[in-house]
Q: 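Pasting a structure below so you can have a look.
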Amino acid sequence: MEPTPMDLLLIMGTGHPLFREYLLASAAADGPPLWALDPAEPTWQAKYLAGHTVCDVFDPDAALAAVRRVAAEHRVLGVFCWHEAAVQAASEAAAELGLPGPDPAAVRAVRDKSATRRLLTIAGVPQPAFHIVAPGGDGAEAAAAIGFPLVVKPIALGASQGVIKVDRMEDLAAAMTAARGTRQAGMTNDGTLLLEQYLSGPEISVDAAVIDGEYLPYALARKHIGPEPYFEEMGHHVDPHDPLLDDPELTAMLAAAHKAVGWRHGSTHTEVKLTPDGPVLVEINGRLGGDLIPYLGQLANGIDSGVVGTRLALGERPDLAHRQDRHAAIRFLVPPFSAVADKIALPPARPGELETVTVAAPGDELLMPPDGYIARYGCLIAMGDSAIECEQILDRAEAETIFECTPLRGAA
């Protein structure tokens, strides 16, 4: 029997349920039926889908071939993607089908941090001093030109993986070796590195919708970073009325940065350092934020990023009106060293005040940098009337958490 043609919205790369199911649920409730393209058969995703195709969404050619097969049988209305490793394929699919989305060249520009740096330089957007070091290069000359401290980072990974602060020349070689050896699913690390000026000051992220070149920021998170020399994200806080959202210098810089890389349509998640000399662009990500940041935004101001994303994918202007007015914060729980989890017990949730998410299970290996990254065993999410109240709720919840582990022999 021939399949019945449907109007569909394609979702490419659904990700991890603990961190992305809330977005998929919103997308399913908001718009046309969803058809997923993923590397494996759907499990938790199935209840939200009208259908699916198993394919390598991290390979643009394979993904595009799969999209053509779906489009031959159904009417595809849009392509939606929040997975860092699949955004390139999604942009190329949308472009081939004549659907709204970011230009594939703009996606390449933000996926390759060295390309971002070159384009921001041309546009005069504030960013750290930098040098690009080819595979095999020792970086010594570049490091001497930048000065210490500096930051070493792979050009095409995400989630701060392989990003290392270096305080002196004697530590540069080891940091570069570690950065070149970092691997992340679906992404390529060919050994090309950025050496960048270390920027002092707090870091923020801004989630925005861009439509027809208009930059529309709607949620700003203040980031908490783990111990140096790594840049592990340990938490975020969202104030629905953060004054930085109305800061003309910041918003003008963000708009200029998006124009510089050619980003005219779609969701972005941009990271910025608030230095003593003003805001400086760290990177633009061509997707919704990770780390449950869009969920924090929804708790704080009521704007549902899953709905924002579907509206943009369909070529419609999203509704960014505030519907809530609360502070929201998340804290990630990690072991003190690389270890095997023996026991994990998070405190019970308290509706309207505290949510908890257990990420690991007894027997799991949790690898802290430099052994590995994102070694979380739990998340605590607080809601309150102020940043201070949220921190107090998180402190109490962390004090009530039970975590027992066995150190991994031979770990750093």
Q: Which residue pairs pass the salt bridge (charged side-chain N to carboxylate O under 4.0 Å, His left out) test with at least one member in residues 130-154, sequence neighbours excluded?
A: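 Found Lys153-Glu196.
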Q: Of all the heavy-atom pairs spanning Ala106 and Gly262, show the shortest one and how long it is.
A: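 Between these two residues, the closest heavy atoms are CB-O, 3.4 Å.
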Q: For Thr116 and Ala109, indicate whether the former's side chain and the latter's backbone hold a donor-acceptor pair under 3.5 Å.
A: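 Indeed, once roles are kept as given, a pair shorter than 3.5 Å links the two residues.
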Q: Is any side-chain heavy atom of Val152 closer than 4.5 Å to a side-chain heavy atom of Leu172?
A: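 In contact.
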Q: Return the minimal non-hydrogen interatomic distance between Gly286 and Val87, and the atom names on each side.
A: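 Distance-wise, the nearest heavy atoms are O-CG1, 3.4 Å.
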Q: Mark yes or no for whether Asp59, through its side chain, and Asp61, through its backbone, hold a donor-acceptor pair below 3.5 Å.
A: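 Pair found, side chain donor or acceptor close to backbone of Asp61.
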Q: Distance check, rounded to the nearest 0.5 Å: Leu274 atom CG versus Leu250 atom CG?
A: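 Rounded to the nearest 0.5 Å, the CG-CG separation comes to 7.0 Å.
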Q: Is it the case that the side chains of Glu271 and Ser205 hold a donor-acceptor pair, with the cut-off being a distance below 3.5 Å and no angle test?
A: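 No, because no side-chain N or O of Ser205 sits under 3.5 Å from a partner of the opposite role on Glu271.
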Q: Would you check if the side chain of Arg311 reaches a backbone N or O of Pro318 as a donor-acceptor pair within less than 3.5 Å?
A: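 Not at all, since once roles are kept as given, no pair shorter than 3.5 Å links the two residues.
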Q: Could you tell me which non-hydrogen atom of Gly306 sits nearest to which non-hydrogen atom of Phe80, and how far apart they are?
A: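 So the minimum-distance heavy-atom pair works out to O-CE2, 3.7 Å.
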Q: Apply side chain to side chain contact (heavy atoms under 4.5 Å, CB included) to Val334 and Phe403, showing your working.
A: CA-CA 9 Å; Val334 301; Phe403 177 71; over 6 Å; no
Q: Is it the case that the side chain of Thr310 and the backbone of Gly31 share a donor-acceptor pair, with hydrogens and angles ignored and the cut-off at 3.5 Å?
A: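 Pair absent, no side-chain N/O of Thr310 close to backbone of Gly31.
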Q: Could you name each residue pair satisfying side-chain hydrogen bond (donor to acceptor under 3.5 Å, both in side chains) that touches residues 377-391, not counting sequence neighbours?
A: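 Those involving residues 377-391 are Arg331-Glu391.
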Q: Could you verify whether a donor N or O on one side chain and an acceptor N or O on the other, from Gln127 and Thr121, lie under 3.5 Å apart?
A: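 A pair is found: one side chain offers a donor N or O, the other an acceptor, under 3.5 Å apart.
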Q: Calculate, to the nearest 0.5 Å, the distance between atoms CG and CG belonging to Leu49 and Leu34 respectively.
A: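 Rounded to the nearest 0.5 Å, the CG-CG separation comes to 6.5 Å.
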Q: Would you check if the side chain of Gln45 reaches a backbone N or O of Thr43 as a donor-acceptor pair within less than 3.5 Å?
A: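 A pair under 3.5 Å: yes.
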Q: Could you check whether Thr275 and Asp277, counting side-chain N and O atoms only, form a donor-acceptor pair closer than 3.5 Å?
A: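 The criterion, which ignores hydrogens and geometry beyond distance, is not satisfied for Thr275 and Asp277.
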Q: Rounded to the nearest 0.5 Å, what separation is found between the CG atom of Leu333 and the CG atom of Leu366?
A: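 Here the rounded value is 11.0 Å.
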Q: Does the side chain of Val151 come within less than 4.5 Å of Leu195's, by heavy atoms?
A: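 No; the side chains remain at least 4.5 Å from each other.
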Q: Would you give the length of the straight line joining atom CG of Leu37 to atom CG of Asp56, rounded to the nearest 0.5 angstrom?
A: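 The CG atom of Asp56 is 11.0 Å from CG of Leu37, to the nearest 0.5 Å.
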Q: Residues in ring pair (Phe, Tyr, Trp, His ring centres under 6.0 Å) with Tyr230, at least two apart?
A: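 Testing Tyr230 for ring pair (Phe, Tyr, Trp, His ring centres under 6.0 Å), a comparison that skips the adjacent residues, returns none.
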Q: For Ala321, does its backbone N or O pair with a side-chain atom of Arg323 as donor and acceptor, under 3.5 Å?
A: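 Looks like yes, one N/O pair under 3.5 Å.
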Q: Just how far is it from atom CD of Gln324 to atom CG of Leu299, taken to the nearest 0.5 Å?
A: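 Between atom CD of Gln324 and atom CG of Leu299 there are 7.0 Å.
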Q: With the side chain counted from C-beta on, respond yes when Asp395 and Ile393 share a heavy-atom pair under 4.5 Å apart, and no when they do not.
A: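 Not in contact.
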Q: Assess the residue pair Phe58 and His83 against the criterion (ring-ring contact (aromatic ring centres under 6.0 Å, His included)); give the C-alpha distance rounded to whole Å, side-chain angles, the decisive distance to 0.1 Å, and a yes or no.
A: CA-CA 9 Å; Phe58 309 139; His83 197 302; 5.1 Å; yes
Q: Please identify each residue that fulfils side-chain contact (heavy atoms from CB on, under 4.5 Å) with Ala174, with sequence neighbours left out.
A: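 Here no residue qualifies.
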Q: Between side-chain atoms of residues 235-245 and protein atoms elsewhere (two or more places apart, or another chain), which donor-acceptor pairs fall under 3.5 Å?
A:
{"from": "His236", "atom 1": "NE2", "to": "Glu233", "atom 2": "OE1", "distance (Å)": "3.4"}
{"from": "His236", "atom 1": "NE2", "to": "Asp291", "atom 2": "OD2", "distance (Å)": "3.1"}
{"from": "His237", "atom 1": "NE2", "to": "His327", "atom 2": "ND1", "distance (Å)": "2.9"}
{"from": "Asp239", "atom 1": "OD1", "to": "His241", "atom 2": "N", "distance (Å)": "2.8"}
{"from": "His241", "atom 1": "NE2", "to": "Asp325", "atom 2": "OD1", "distance (Å)": "3.1"}
{"from": "His241", "atom 1": "NE2", "to": "Asp325", "atom 2": "OD2", "distance (Å)": "3.3"}
{"from": "Asp242", "atom 1": "OD1", "to": "Arg222", "atom 2": "NH2", "distance (Å)": "3.0"}
{"from": "Asp242", "atom 1": "OD1", "to": "Leu244", "atom 2": "N", "distance (Å)": "3.0"}
{"from": "Asp242", "atom 1": "OD2", "to": "Arg222", "atom 2": "NE", "distance (Å)": "2.8"}
{"from": "Asp242", "atom 1": "OD2", "to": "Arg222", "atom 2": "NH2", "distance (Å)": "3.4"}

Q: Find the distance between NE2 (His269) and CD (Glu84) and round it off to the nearest 0.5 Å.
A: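 Taking NE2 in His269 and CD in Glu84, the distance rounds to 9.5 Å.
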Q: Quick one: which residue pairs count as a side-chain hydrogen bond (donor to acceptor under 3.5 Å, both in side chains) with a foot in residues 355-367, not counting sequence neighbours?
A: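 Qualifying pairs, neighbours excluded: Tyr295-Glu355.
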Q: Between Leu281 and Pro128, which heavy-atom pair has the shortest distance, and what is it?
A: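 In this case the closest contact between Leu281 and Pro128 is O-CD, 3.5 Å.
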Q: Any salt bridge (charged side-chain N to carboxylate O under 4.0 Å, His left out) involving residues 293-308? Give me the pairs, sequence neighbours left out, ordered by first then second residue.
A: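 As it turns out, there is no salt bridge (charged side-chain N to carboxylate O under 4.0 Å, His left out) pair with a partner in residues 293-308 once direct neighbours are skipped.
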Q: Under 3.5 Å, side chain of Glu232 to main-chain N/O of Pro369, donor-acceptor pair present?
A: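 Here the side-chain-to-backbone pair does not exist.
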Q: Compute the ring centroids of His224 and Phe332, then answer whether they are less than 6.0 Å apart.
A: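 No - the distance between ring centres of His224 and Phe332 does not fall below the 6.0 Å cut-off.
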Q: Counting N and O atoms only, with roles assigned by atom type, does the side chain of Asp112 sit under 3.5 Å from a partner on the main chain of Ser114, one being a donor and the other an acceptor?
A: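 Flag set: sc Asp112 to bb Ser114 pair under 3.5 Å.
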Q: Mind listing the closest non-hydrogen atom pair of Ala145 and His131 along with its distance?
A: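 Taking Ala145 first and His131 second, the nearest heavy atoms are CB-NE2, 3.7 Å.
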Q: Which residue pairs pass the ring-ring contact (aromatic ring centres under 6.0 Å, His included) test when at least one of the two sits in residues 29-54, sequence neighbours left out?
A: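 Output for this query lists Trp35-His74.
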Q: Is the terminal nitrogen or CZ of Lys273 (NZ for Lys, CZ for Arg) located under 6.0 angstrom from the six-membered ring centre of Tyr198 and within 45° of that ring's axis?
A: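 Yes, cation above the ring, under 6.0 Å and within 45°.
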Q: What is the minimum heavy-atom distance between Ala219 and Gly297, and which atoms define it?
A: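 Closest approach of Ala219 to Gly297: CB-CA, 4.5 Å.
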Q: What pairs of residues pass the side-chain hydrogen bond (donor to acceptor under 3.5 Å, both in side chains) test when at least one of them lies in residues 248-266, not counting sequence neighbours?
A: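 Residue pairs with at least one partner in residues 248-266: His258-Thr268.
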Q: Could I get the full list of side chain to side chain donor-acceptor pair (under 3.5 Å) partners for Gln197, not counting sequence neighbours?
A: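 In terms of side chain to side chain donor-acceptor pair (under 3.5 Å), with neighbours along the sequence ignored, Gln197 is linked to no residue.
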Q: Counting heavy atoms not belonging to Arg75, are there more than 12 under 6.0 Å from its CZ?
A: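 Open: at most 12 neighbouring heavy atoms sit under 6.0 Å from CZ of Arg75.
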Q: So, using side chain to side chain donor-acceptor pair (under 3.5 Å) as the criterion, who are the partners of Arg118 when residues are at least two apart?
A: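 None.
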Q: According to side-chain contact (heavy atoms from CB on, under 4.5 Å), who are the partners of Arg108, at least two apart in sequence or on a separate chain?
A: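 Counting only residues at least two positions away or on another chain, Arg108 forms a side-chain contact (heavy atoms from CB on, under 4.5 Å) with Gln88, Glu92, Pro104, Ala105.
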